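These notes are about the structure you will find just below.
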Amino acid sequence: MIVLGIDPGLATVGYGVISCDEKVRLKLIDYGTILTEAGEQFPVRLKQINHGIAQLIDMYRPDSIAFEELFFNKNVTTAINVAQARGAALVAASERTEQLYEYTPLQIKQAVVGYGRADKNQVQMMVKTILSLKEAPKPDDAADAVAVAICHAHSAHTAGILNTKIK
């Protein structure tokens with residue numbers, strides 16, 4: 001199984017691609033970011049995200065795509081913009097597959113670290129350990145996306161496909 005994990009954002013969308021066998025042995029295939037420029041018109045940035053996600057899906061042909069759910073508690077404007085960016089990514093993904101899943105930050109931390117309130121450093125160190133990497137993926141957005149993919153691989157194995165499918 002190939003899983004594409006996505007950490008949505010407007011300026012930076014993180015992605016991580018892993019493979020998972022029937023014994024849940026995970027292997028990192030690729031990770032990185034899709035970047036958009038702050039000075040660019042908003043619709044152009046959304047189009048860049050949509051196109052970038054489409055290219056990743058066409059390149060890696062994932063069996064499942066997992067998104068981190070958005071969580072904001074302060075800046076409503078930022079939340080709306082990031083939600084629209086997430087929507088652009090979701091459209092690209094939904095045009096290519098119905099195997100779309102989402103996980104909260106708490107679920108991701110629980111699956112990767114074993115503790116839902118883990119900090120970023122703990123998540124990055126566990127991503128490094130789980131995938132037997134020399135160093136954690138950089139930048140943080142990419143590491144977070146790899147963690148989303150790991151979360152989905154573990155969740156899909158331990159409980160079948162959970163009720164986290166995007167409807």
Side-chain angles (χ1 to χ4, degrees), residues 2-18 28-62 64-113 116-128 131 135-153 155 164-167:
I2 304 237
V3 179
L4 170 61
I6 301 197
D7 179 34
L10 179 59
T12 308
V13 176
Y15 69 87
V17 184
I18 64 169
L28 182 64
I29 296 172
D30 192 17
Y31 66 88
T33 56
I34 299 166
L35 304 173
T36 68
E37 294 294 324
E40 193 65 68
Q41 292 182 352
F42 190 71
V44 171
R45 294 175 82 180
L46 296 179
K47 186 176 178 180
Q48 289 169 339
I49 291 166
N50 180 279
H51 183 70
I53 295 295
Q55 284 183 315
L56 289 170
I57 296 167
D58 292 344
M59 182 183 311
Y60 293 108
R61 302 272 182 221
S64 300
I65 302 171
F67 286 81
E68 181 172 355
E69 284 186 6
L70 299 181
F71 174 76
F72 285 94
N73 59 1
K74 292 185 181 171
N75 190 332
V76 173
T77 302
T78 299
I80 291 170
N81 288 344
V82 173
Q84 290 180 84
R86 183 177 187 268
L90 275 168
V91 167
S94 70
E95 289 177 339
R96 287 160 177 78
T97 185
E98 292 182 5
Q99 299 305 310
L100 304 176
Y101 302 86
E102 59 186 349
Y103 298 91
T104 66
L106 187 83
Q107 288 173 310
I108 295 163
K109 291 173 183 179
Q110 183 70 41
V112 175
V113 180
R117 304 268 185 238
D119 64 32
K120 279 204 178 282
N121 273 346
Q122 291 171 308
V123 173
Q124 290 174 2
M125 288 303 103
M126 284 306 297
V127 165
K128 176 184 160 192
L131 297 172
E135 57 186 42
K138 297 284 183 204
D140 291 352
D141 303 283
D144 290 348
V146 174
V148 173
I150 292 169
C151 173
H152 180 71
S155 296
T164 55
K165 197 165 188 180
I166 297 173
K167 300 194 185 341

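In this text, all values refer to a predicted model and were calculated from it rather than measured experimentally.
Here the closest heavy-atom approach between residue Gly16 and residue Ala149 is recorded as O-CB, 4.0 Å. Between Gly9 and Ala85 the shortest heavy-atom distance is O-CB, 3.3 Å. Here the shortest heavy-atom pairing between Ile108 and Cys151 reads CA-SG, 3.8 Å. Ala88 and Asn50 make their closest contact through O-ND2, 3.0 Å (heavy atoms, listed as atom of the first residue, atom of the second, distance). Nearest heavy atoms, Arg86 versus Glu102: NH2-OE1, 2.7 Å. Contact detail for Ala142 and Gly32: the closest heavy-atom pair is CB-O, 3.5 Å.
Annotation: the span from Thr97 atom OG1 to Ile65 atom CD1 amounts to 5.5 Å, rounded to 0.5 Å. Atom NZ of residue Lys128 and atom CE of residue Met125 lie 5.0 Å apart, to the nearest 0.5 angstrom. Gln84 contributes atom CD, which lies 6.0 Å from atom CG of Asn81 (distance to the nearest 0.5 angstrom). Note that OH of Tyr101 and CD of Glu69 are 15.0 Å apart. Values are rounded to the nearest 0.5 Å. Between the CD atom of Gln41 and the CD atom of Gln48 there is a distance of 11.0 Å, given to the nearest 0.5 Å. Taking CG of Asp7 as the reference point, atom OH of Tyr15 lies at 13.5 Å (rounded to 0.5 Å).
By the 4.5 Å heavy-atom criterion applied to side chains, Asp144 and Lys120 are counted as neighbours. Two residues are said to be in side-chain contact when any heavy atoms from C-beta on lie closer than 4.5 Å; Asp140 and Thr12 fail this criterion. The shortest side-chain heavy-atom distance between Lys47 and Val44 does not fall under the 4.5 Å cut-off. Residues Lys109 and Val123 have side chains in contact (heavy-atom distance under 4.5 Å, counting atoms from C-beta outward).
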Mind running side chain to side chain contact (heavy atoms under 4.5 Å, CB included) on Thr104 and Glu68 for me, showing each step along the way? CA-CA 6 Å; Thr104 66; Glu68 181 172 355; over 6 Å; no
Could you go through the side chain to side chain contact (heavy atoms under 4.5 Å, CB included) check for Arg45 and Leu10 one step at a time? CA-CA 7 Å; Arg45 294 175 82 180; Leu10 179 59; 3.7 Å; yes
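Under the 3.5 Å distance criterion, the side-chain polar atoms of Asp30 are left unmatched by any main-chain donor or acceptor of Val17. Using modelled atom types, no side-chain atom of Glu40 and backbone atom of Glu37 make a donor-acceptor pair closer than 3.5 Å. Between the side chain of Gln124 and the backbone N or O of Asn121 there is no donor-acceptor pair closer than 3.5 Å.
Of the candidates Ile49, Ile53, Leu56, Ile53 is the only one forming a side-chain contact (heavy atoms from CB on, under 4.5 Å) with Ile6. Of the residues listed (Leu4, Val3, Val127), the one engaging Ile18 in a side-chain contact (heavy atoms from CB on, under 4.5 Å) is Val3, and it is the only one.
Under the rule for a side-chain hydrogen bond (donor to acceptor under 3.5 Å, both in side chains), Thr33 has no partner lying at least two apart in sequence or in another chain.
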